[in-house]
Amino acid sequence: MDFLNYLQSNDIIIVKNFSNIEKRNYSDEDIKNHLDLIGKVQIILKNYDPKYFYSFKSFVWKKPENFNKNLKTVKKFYNKLLENGPKNEYENIILNVGHILIRRAEICNEELKSSKYKSLIKRSMTNKEITLGKVNYDNLKQEEKIKIIDIKSIGYNMLEMDAIQFLSKIKKKIPYENIPKYCKYYCEIKDLTSLSVDFIITMLSYPSKFIKNTKRYFENKAYYEQNVHIDKFKNAILQDGESLYEFI
């Protein structure tokens with residue numbers, strides 16, 4: 001059975017868009033229901049016929065690797081900025097918050113390099129865990145049947161990564177202190193250990209928006225100066241919220 005037919009036989013349909021867009025209140029019930037839905041889809045994906053598994057890409061540990069690589073690049077640019085001084089308002093913003101957010105990224109990066117997380121990678125690869133990749137509200141929905149818009153990101157990955165993707169999208173919409181609660185809830189329903197909770201919290205604490213947008217700016221200054229309004233840039237690099245590292 002091919003993959004799309006398999007999904008359909010398990011009451012999952014692929015759609016171009018959602019006919020009715022609900023306004024989210026980000027209630028406790030709403031968030032937990034969506035985490036339950038993510039877990040449900042993962043089980044369906046896991047039960048797909050193993051002889052077809054070769055068609056999925058592996059994304060295991062790709063994101064932490066990219067975090068490490070991008071941090072090195074941004075630190076190099078930032079150190080030059082410290083030496084030469086800011087040339088415009090974009091660089092003033094980076095300079096003002098960079099020392100705090102780069103240090104935060106370094107702390108998270110060091111934690112992710114810890115050998116203790118190798119057991120999570122081994123578990124994921126041994127169990128051939130498959131994740132949806134895009135699990136936010138605008139791509140995954142439960143109605144009479146489960147509806148998904150984009151399935152291109154489905155692949156081998158640690159189960160934790162779907163929770164990270166979802167919670168990273170909503171973390172500025174909910175009270176900061178509630179995020180660890182949802183990390184723990186997800187790990188409970190997926191039968192994951194406290195080590196997985198620590199991993200999710202570390203990944204959510206990494207200032208990925210600052211690192212990504214700062215890297216993009218330094219690699220293409222002319223584009224930013226001509227096409228990206230300063231307020232939009234400022235909002236982009238300040239989307240990360242507070243670190244959750246104190247909850248580990």
Side-chain angles (χ1 to χ4, degrees), residues 1-7 9-10 12 14 34-72 105-136 139-140 146 148 150-169 179-180 182-206 208 211-212 244-245 247-248:
M1 183 184 295
D2 71 33
F3 188 52
L4 290 180
N5 284 334
Y6 171 76
L7 293 179
S9 71
N10 282 275
I12 297 177
I14 311 305
H34 200 73
L35 289 170
D36 289 338
L37 178 58
I38 291 168
K40 183 179 178 181
V41 172
Q42 287 172 344
I43 291 170
I44 293 169
L45 294 175
K46 178 71 173 68
N47 291 330
Y48 184 49
D49 191 335
K51 70 183 178 183
Y52 294 108
F53 279 176
Y54 70 90
S55 61
F56 295 125
K57 291 181 181 177
S58 176
F59 300 103
V60 176
W61 210 250
K62 296 294 184 189
K63 199 157 192 173
E65 284 177 353
N66 287 336
F67 281 177
N68 184 44
K69 191 187 304 180
N70 292 341
L71 176 58
K72 287 179 180 176
E106 287 174 334
I107 292 169
C108 294
N109 199 45
E110 286 305 311
E111 171 69 13
L112 292 170
K113 286 180 181 177
S114 170
S115 60
K116 65 186 180 183
Y117 291 121
K118 287 182 180 178
S119 64
L120 302 185
I121 300 171
K122 184 178 179 181
R123 182 213 71 218
S124 178
M125 295 179 77
T126 300
N127 295 339
K128 294 185 171 63
E129 293 171 356
I130 300 175
T131 60
L132 185 53
K134 289 185 178 179
V135 294
N136 37 307
N139 194 59
L140 175 64
I146 297 170
I148 303 174
D150 184 357
I151 61 170
K152 292 176 185 174
S153 297
I154 291 176
Y156 293 114
N157 210 341
M158 300 158 64
L159 295 177
E160 292 88 348
M161 295 308 299
D162 274 347
I164 291 162
Q165 199 272 338
F166 172 60
L167 292 172
S168 68
K169 294 289 185 183
I179 299 170
Y182 297 121
C183 298
K184 290 174 185 173
Y185 177 80
Y186 176 80
C187 289
E188 284 171 6
I189 64 172
K190 297 305 298 179
D191 199 24
L192 301 173
T193 67
S194 60
L195 187 59
S196 293
V197 177
D198 290 350
F199 173 68
I200 294 171
I201 288 175
T202 300
M203 290 290 288
L204 291 173
S205 295
Y206 185 91
S208 57
I211 296 295
K212 181 178 77 173
L244 300 162
Y245 209 69
F247 294 102
I248 293 179

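Note that the structure is a prediction, hence the values are computed from the model and not measured.
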S.K.: Using a 3.5 Å distance criterion without hydrogens, assess whether the side chain of Thr126 forms a donor-acceptor pair with backbone atoms of Arg123.
M.R.: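 Looks like no, no N/O pair under 3.5 Å.
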S.K.: Taking atom CG of Asp49 and atom OH of Tyr6, what is their separation to the nearest 0.5 Å?
M.R.: 9.0 Å
S.K.: Are the side chain of Asn68 and the backbone N or O of Pro64 linked by a donor-acceptor pair below 3.5 Å?
M.R.: no
S.K.: Please confirm whether the backbone N or O of Asn70 pairs with a side-chain atom of Lys212, one donor and one acceptor, at under 3.5 Å?
M.R.: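 Judged by distance alone, no pair lies under 3.5 Å.
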S.K.: Atom CG in Leu192, atom CD1 in Ile200: separation rounded to 0.5 Å?
M.R.: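 Here the interatomic distance stands at 7.0 Å.
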S.K.: Please check this pair: side chain of Tyr182 against backbone of Leu35, looking for a donor-acceptor N/O pair closer than 3.5 Å.
M.R.: no
S.K.: Taking atom types as modelled, is there a side-chain donor on Asp150 or Asn139 under 3.5 Å from an acceptor on the other?
M.R.: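 There is no such pair between these side chains.
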S.K.: Judged by atom type as modelled, is there a donor-acceptor pair below 3.5 Å linking the side chain of His34 to the main-chain atoms of Val135?
M.R.: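 Present.
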S.K.: Pairs in or reaching into residues 195-205: which pass salt bridge (charged side-chain N to carboxylate O under 4.0 Å, His left out), with residues at least two apart or in two chains?
M.R.: none
S.K.: Any sub-3.5 Å donor-acceptor pair from Asn136's side-chain atoms to Lys169's backbone N or O?
M.R.: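 No; judged by distance alone, with no hydrogens or angles, the pair does not exist.
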S.K.: In terms of heavy-atom contacts, does NZ of Lys184 have more than 12 from other residues, nucleotides or ligands at under 6.0 Å?
M.R.: no
S.K.: Any side-chain to backbone donor/acceptor pair from Ser196 onto Cys187? Under 3.5 Å, distance only.
M.R.: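 A pair under 3.5 Å: no.
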S.K.: So, Glu129 and Asn157: side-chain donor and acceptor under 3.5 Å apart, yes or no?
M.R.: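 On atom types as modelled, these side chains do not qualify, holding no pair under 3.5 Å.
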S.K.: Determine, step by step, whether Tyr186 and Glu160 satisfy the side chain to side chain donor-acceptor pair (under 3.5 Å) criterion, reporting the C-alpha distance in whole Å, the side-chain angles of both residues, the deciding distance to 0.1 Å, and the verdict.
M.R.: CA-CA 9 Å; Tyr186 176 80; Glu160 292 88 348; over 6 Å; no
S.K.: For residues Ile211 and Tyr206, determine if any side-chain heavy atom of one lies less than 4.5 Å from a side-chain heavy atom of the other.
M.R.: yes
S.K.: Taking 4.0 angstrom as the limit, do Glu106 and Lys72 come out as a salt bridge?
M.R.: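 Salt bridge: no.
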S.K.: Could you please spell out the steps behind the ring pair (Phe, Tyr, Trp, His ring centres under 6.0 Å) verdict for Tyr156 and Trp61?
M.R.: CA-CA 10 Å; Tyr156 293 114; Trp61 210 250; over 10 Å; no
